[in-house]
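Notes follow once the structure below has been shown.
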Amino acid sequence: MKPRNLSRRTLLRGLGGVAIALPALEIMLNRHGDALANADPMARRFLVAFNGQSLGGDNDTVHNLYVPDNVGPGYDLKVATMPLGGYAGIQSDISIVSGLRIPYNTGMGIPAAGWDVGFHTEALGPLITGVRNKGPEDYPGGNGPSADQIVADAIGQTTAFKSLAYQVQAAWYLSGGSAPYGRDILSYKLDGMGNPIANPGQVSPKAAFDSLFMGFVPPDPGEALKAAYELAKRKSIIDLVKHDFEKLIPKLGKADNLRMQRHLDEIRDLEIKLMAVPPVQTEACKMLPDPGPDPSVGGDNVGVGGDDMFDINVGYSDEAKRAQIFHDLIHMAFVCDLSRSVALLYTMAQSHMNIYPIAGHPYDQHELGHSGLGTAEVSKVIAWHVDMFAGLVAKIRDTPEGDGSLLDRCAMVLLHEGGHGYDPAGKDNSSHSTENMACMIAGRAGGLKGGQHIVATDMHPGNVLNTAMRAVGVDKDLGEVVGVIPGLLA
């Protein structure tokens, strides 16, 4: 059937000055979910977090100051992991896995779960999806679903939020540079046609708060009335546009039909969230105080670092405060069983966030690795990420649930963009390397063992994610990565 032209007015309808627009369609040019009644205290939860920096500095023979000297329980702390000592007993809940690597093209083609030679645009995809690049410059490189989405599909179908994706780094921060091109994506899901698509993280803590607690009743009567009105308005808009979209789809050509089906899937997801009944609020599960406006976003930097053009007053948007708000939201999402799977991007791959407030050097995070200051200084920024992660683990551990702790039913992983060593582009002792990688895994779900240092020589970081997925009851592998890390599960 040949599609007929439609007016813009037919395509856009709204209520009270609010509209939900269609995606751009060729024709414009000449789930149903169970309502959430109460939190399930026996549910398991999954989180993957990401630091957009490798573990070592260029031209330094010290690969990292992250990996302990001793193997097994009671591991020693290094510069990058020293923050673990700041949280009482938390080291016994966090294991370090070292010896990891992501394979790369050695001239014989791209291996399974491997990458070609363009580190920042190619190694990230295999790290988070376990699927090899399709070829050179295959960015953003998400050629399959990420672990958080595999888990969400398996155990998140009945929650108000099937999954959550949050981004702490507020902007790209590179003046005159290229766009992130997928360096800011930690989560990939499958659309209605089975194709992997990016699932961007929410950057605004305030917007994340408003979304997570959209069905909660604020304690203040005036705010409660306002919230009820906003919720009713959103439901009316969804009902209106959903009816229009369903009438429109049969009139479209094939390409537009596919785009519309994808858009309708997103609307159904929103509809589920709006219709979900919030859990009964208790002392543990409750609406958090409104965080207020987001910290202001710092401007872009024109310098690469270590020169007179690098401005230490821009390129930072109080990411520490942003991380804390997101941590509070994740914690409450787990406590209230609003979501069971979370992707948390602390900093983008090839991050250009100003690290002067963190490490006292006039560099962005990425350029610090190339600065010649060495692995010891890079490790200070790694430690900032480890501190963030450890704080979240401690918050979850200190929350009672059932006859134990919320952490008893969690599996949480902290990934790093790269390791240190050989770069297939032809350089030794490089930060553009996936040799000598390591990561952290926390929680006690499914018999996870904490407080261990395990050397998993030449295994893929995806094997750690597989282990975490098994711990929360998901018997699936990440892309082309098969199996778990021996010794991590009881």
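Residue indices begin at 1 and follow the sequence shown. Only heavy atoms go into these numbers, but all of them, side chains included; no hydrogens, no water, no symmetry mates.
Between K206 and D290, at least one side-chain N (NZ, or NE/NH1/NH2) sits under 4.0 Å from a carboxylate O, which counts as a salt bridge. The pair D337-R340 meets the salt-bridge criterion, since a charged nitrogen lies less than 4.0 angstrom from a carboxylate oxygen. Ion pairing of E401 with R45 is present here, as a side-chain N (NZ or NE/NH1/NH2) and a carboxylate O approach within less than 4.0 Å. Taking the charged nitrogens against the carboxylate oxygens, D58 and K427 do have a contact shorter than 4.0 Å, which makes a salt bridge.
A salt bridge (charged side-chain N to carboxylate O under 4.0 Å, His left out) check over residues 316-327, counting only residues at least two apart or in different chains, returns nothing.
Note that CG of L415 is 9.5 Å distant from CG of L100, once rounded to the nearest 0.5 Å. Note that the CG atom of N51 and the OH atom of Y346 stand 10.0 Å from one another [nearest 0.5 Å]. Put simply, CG on L84 and CG on D93 are 10.5 Å apart, with the number rounded to the nearest 0.5 Å. The CG atom of N195 sits 11.0 Å away from atom CG of N143, with the distance rounded to the nearest 0.5 Å. To the nearest 0.5 Å, atom CG of residue L77 and atom CD of residue Q91 are 4.5 Å apart. A distance of 9.0 Å separates CH2 of W172 from CG of D364, quoted to the nearest 0.5 Å.
Under the 4.5 Å side-chain criterion, counting only non-hydrogen atoms from C-beta, L55 is not in contact with V378. Using a 4.5 Å cut-off on side-chain heavy atoms (C-beta onward), F389 and L47 make contact. The side-chain heavy atoms of L368 and V381, taken from C-beta on, include a pair separated by under 4.5 Å. Side-chain contact between P205 and L329 is absent, with no heavy atoms from C-beta onward closer than 4.5 Å. Proximity of F161 to L212: side-chain heavy atoms (C-beta onward) are separated by under 4.5 Å at one or more points. Contact of the V413 side chain with the L465 side chain is registered, since non-hydrogen atoms from C-beta on lie closer than 4.5 Å.
At a cut-off of 3.5 Å, with distance as the only test, no side-chain donor of N436 or H420 sits close to an acceptor on the other residue. Side-chain contact check for S187 and D148: at least one donor-acceptor pair (N or O, by modelled atom type) lies under 3.5 Å. Side-chain contact check for D153 and Q149: no donor-acceptor pair (N or O, by modelled atom type) lies under 3.5 Å. For the 3.5 Å distance criterion, the side chains of H361 and E377 qualify, holding a donor opposite an acceptor. Side chains of S175 and N301: no donor on one and acceptor on the other come within 3.5 Å. Looking at T399 and H331, their side chains do bring a donor and an acceptor atom within 3.5 Å of each other. Between the side chains of D387 and Y87, at least one donor N or O lies within less than 3.5 Å of an accepting N or O. Residues S351 and Q169 bring a donor and an acceptor atom of their side chains to less than 3.5 Å of each other.
Distance alone, capped at 3.5 Å, is enough to place a donor-acceptor pair between the S317 side chain and the G298 backbone. Between the side chain of T375 and the main chain of V62, a donor-acceptor pair closer than 3.5 Å is present. At distances below 3.5 Å, not a single donor-acceptor pair connects side-chain atoms of S341 with backbone N or O atoms of S163. A side-chain donor-acceptor contact under 3.5 Å links S405 to the backbone of R397.
Residue P362 forms a side chain to side chain contact (heavy atoms under 4.5 Å, CB included) with just one option from I312, I355, N354, D308, and that option is I312. Evaluated for a side chain to side chain contact (heavy atoms under 4.5 Å, CB included) with M348, the options Q167, E417, Q53 yield exactly one hit, Q167. Paired with L448 under the rule side chain to side chain contact (heavy atoms under 4.5 Å, CB included), one option of D408, I441, V472 passes, and it is I441. When each of R132, E122, K134 is tested with D116 by the rule side chain to side chain contact (heavy atoms under 4.5 Å, CB included), just one qualifies, namely E122.
The ring of Y173 has its center no closer than 6.0 angstrom to the ring center of H352. Taking the six-membered ring wherever Trp is involved, the centroid distance between the rings of Y363 and H370 does not fall below 6.0 Å.
By the 6.0 Å contact criterion, NZ on K286 is open, its count of non-hydrogen atoms from other residues, nucleotides or ligands being 12 or less. Atom CZ of F310 sits in a crowded spot, with more than 12 heavy atoms from other residues, nucleotides or ligands closer than 6.0 Å.
Taking H385 as the reference, nothing meets the ring pair (Phe, Tyr, Trp, His ring centres under 6.0 Å) condition, with sequence neighbours excluded.
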**From CA spacing to verdict: side chain to side chain contact (heavy atoms under 4.5 Å, CB included), F46, V342** = CA-CA 6 Å; F46 176 91; V342 177; over 6 Å; no

**Request:** Verify side-chain hydrogen bond (donor to acceptor under 3.5 Å, both in side chains) between H416 and Y66, making sure each step is shown before the conclusion.
**Result:** CA-CA 11 Å; H416 306 283; Y66 185 99; 2.9 Å; yes

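Relative ring orientation between H432 and F119 is described as parallel, the plane-to-plane angle staying below 30° on a 0-90° scale split at 30° and 60°.
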